[in-house]
Amino acid sequence: MNIIFLLAPFSILLALIGLAGFWWAVRNGQYDDPAGDASRILLDDAQDVPEPPL
Amino acid sequence: MALTYDAAAGLATQDRPGGRLELLVKGARCAACLGKIEREIAAVPGVEAARLNLTTGKLTVATGVRAPSLADLIERLEALGYPAAPYDPGEAAIAADREGRRLILALGVAAFGAGNAMMFSVPLWAGLFGQELGESTRTFMQWASGLIGAPCALYAGMPFFQSAWRSLRKGRANMDVPISIGVLLTLAISFFEAAIHGRDTYFDAAVSLLLLLLVGRYLDHRLRSRARGAAADLLALQSPLATLLGADGERRVPVGEIGVGDELLVRPGERLPVDGVVESGVSSFDNALLTGETAPQPVKAGDVAHAGALNLTGALRLRATAASADSAVAAIARLVEAGAQTRSRYVRLADKAAALYVPVVHSLAAATFIGGWILGLGPLEALLRAVAVLIITCPCALGLAVPAVQITASSRLFRQGVLVKSGAALERLAEIDHVVFDKTGVLTLGRPSLEGADPRDVALAAPLARASSHPLARALAAAGPDRPMAQDTVETAGQGIEGRIDGRRARLGRAEFAGVEGVASGETELWFALEDREPVRFTFRDSLRPDARQSLEALWARRITVEILSGDLPGPVAEAAGALGLKAWAAALTPAGKAAAVRQRQAGGRKVLMVGDGLNDAAALAGAHAAMAPGTALDASQNAADLVFSGESLGAVVLAIDVARAARRRALENFGFSALYNLVAGPMAMLGLVNPFVAALAMSGSSLIVTLNALRMNTAGGRK
């Protein structure tokens, strides 16, 4: 039964890490432009792709 | 592109020599637009990086030491096909952004608190059903649950506490008052119970209550901020740049910078940015959005011109007589403001429910405490039961009942091309029983179309008409067959156009221009003369929207009365009313006259929906119980309206009324369900039959039912 005194704080610590991550993401503006981020992944980075030979 | 993820936010803080410009871009909707805009703007000399927020349409540009002007960037964007305007976020917009973030954070904290407090509550609930749970373990679980739950509840509850405090200071009690009292009292009693090794603690209930309520609150915020974004778009794009004629030639400047006495160039197709006097040039104005008049108005040097008129045919030099803020538009804006104030007195459904709910529940709790004590329960047990009444009847379902319905209803309307600006707008729209239509641009399409002409004449004239941008010529060209354009065309502003069709000289325009003597040329007709033929006359008129009649019949079927209030001349209004089978109409009304007419109907007890598009409708729109404007309307009108619909179909008006009424029905059903639930739960709590497990079940259960009922909005009433 004593294991609970280790496991309970540990589970809360894990959840706190998750909460801190969420906090950071919101304050960092990651929820400010959901539509743009969804589209941006479709863009090819022009500089990285060499011109196709004709 | 060498941009890190957080370019837009980082630009502000980074130590760089250059500055930062912000623009509002309209029409960018996809990845391709995003890529094109960022690439092209980043290529402008002086620009270091550009980042477009696709959700808000805001383009943030980081500039180097030699920054390009805003006007340069706007012209570049316009060349790409995206209208743009300088973006100057008002205090309100910044505050709303902050509130949105605050709500997301509160939501995250509440979710964390609810999950983790509940982790310790589950063993406690198991203990309630005869499972072995020693007193020391139970107390440990209670304290663990409390130490996690209480701070989270205090943080996540801040939006509610603040709003409750504001409302109490004004001597009123809104829905947040019972929520705040319930949460704070629950936390206090639960700590007390844990301290005296009692059985019942409600930490998880307090946090999950806030979690569910925050979901409702966040949905409401999303609805409002999306609508506000659309409204800001419109306002900013009114007429972004004007052409100033200075000593150093032409210069494009933002409208706000124009001063009295400046000389401006207004090209055909542009709207007048400010009031002024015409210095030189001949043209005609389309005043349809200003006054509702259909016929173009001829102008020449010396005439007074009002901001908002559309210049049709010739380039004009204009001497500004008022700055942008003092122009005729601003006078109407003041009328709009006055109208909006009357509307803000409307009490929302949820607040009406709170006004009923608060006294009932709080006197019930007080009665439980006093009655229990008198009946011999002991002060502690009586207090516990009174708190149980507050917790179990806490307006969780009430808090979700309205926002859940309204967000479903407005996203359904959004898919059909109708933008809803606020939840209150839907509530007011559901109540209307009388619709006032403007004629030009609402019942009609707001542009001329050819009437009863010989197809052979049209075919002959169309090649010449195609060379002109005058609206009448464009209507003529659209009616004709697809043939090559006339050659050697010369357009004389305010007169007509001349050219060669298959080698034969032809003229199209006013009567005297086409060589017809002694005929007074009207503004809704064109004369066409071909070298060796008798001149022919084409007449035009503004045609009704294709489904206007059908939509009016649909409104009548819903027992809604309809009338036309127009600023146009009696002739065309009577004609349109006749074609639609309408007897109630009034013509030649001033903007103030329209607003007064609407006010008079409302004083007589009618709930009026105003549908209008012109600047002359703006005051009436703001004063009406509910207001709709088509997407083609002038910005001032779109701002004054609660709902904006796009497309050619007037059916959107009927659809919006139907959806608003269905939403009201759903919301009332939800209230009915909440009342029923409280009718059962209240007495149970008074009798001491409620324990923490029952409270948790009842609370999430009732919220779930309310939300599911709201989602029925998506299918109710048939989907097209």
Closest approach of A/Ser11 to B/Met119 (non-hydrogen atoms, all atoms of both residues): OG-CE, 3.0 Å
Spacing of A/Leu16 atom CG and B/Asn116 atom CG [to the nearest 0.5 Å]: 7.5 Å
Test item: B/Leu105 and A/Arg27 side chains (from C-beta on) under 4.5 Å apart, heavy atoms: yes
Ring centres under 6.0 angstrom apart (B/Phe112, A/Phe22): no
Region of B/Asn53 that comes under 4.5 Å of a non-hydrogen atom in chain A: both
Spacing of A/Ser39 atom OG and B/Leu34 atom CG [to the nearest 0.5 Å]: 6.5 Å
Closest approach of B/Ile148 to A/Ile12 (non-hydrogen atoms, all atoms of both residues): CD1-CD1, 2.9 Å
A/Ile41 atom CD1, over 12 foreign heavy atoms within 6.0 Å: no
Chain A contact via B/Ile104 - which portion, at a heavy-atom distance below 4.5 Å: both
Heavy-atom closest pair, residues A/Asp37 and B/Arg51: OD1-NH2, 3.9 Å
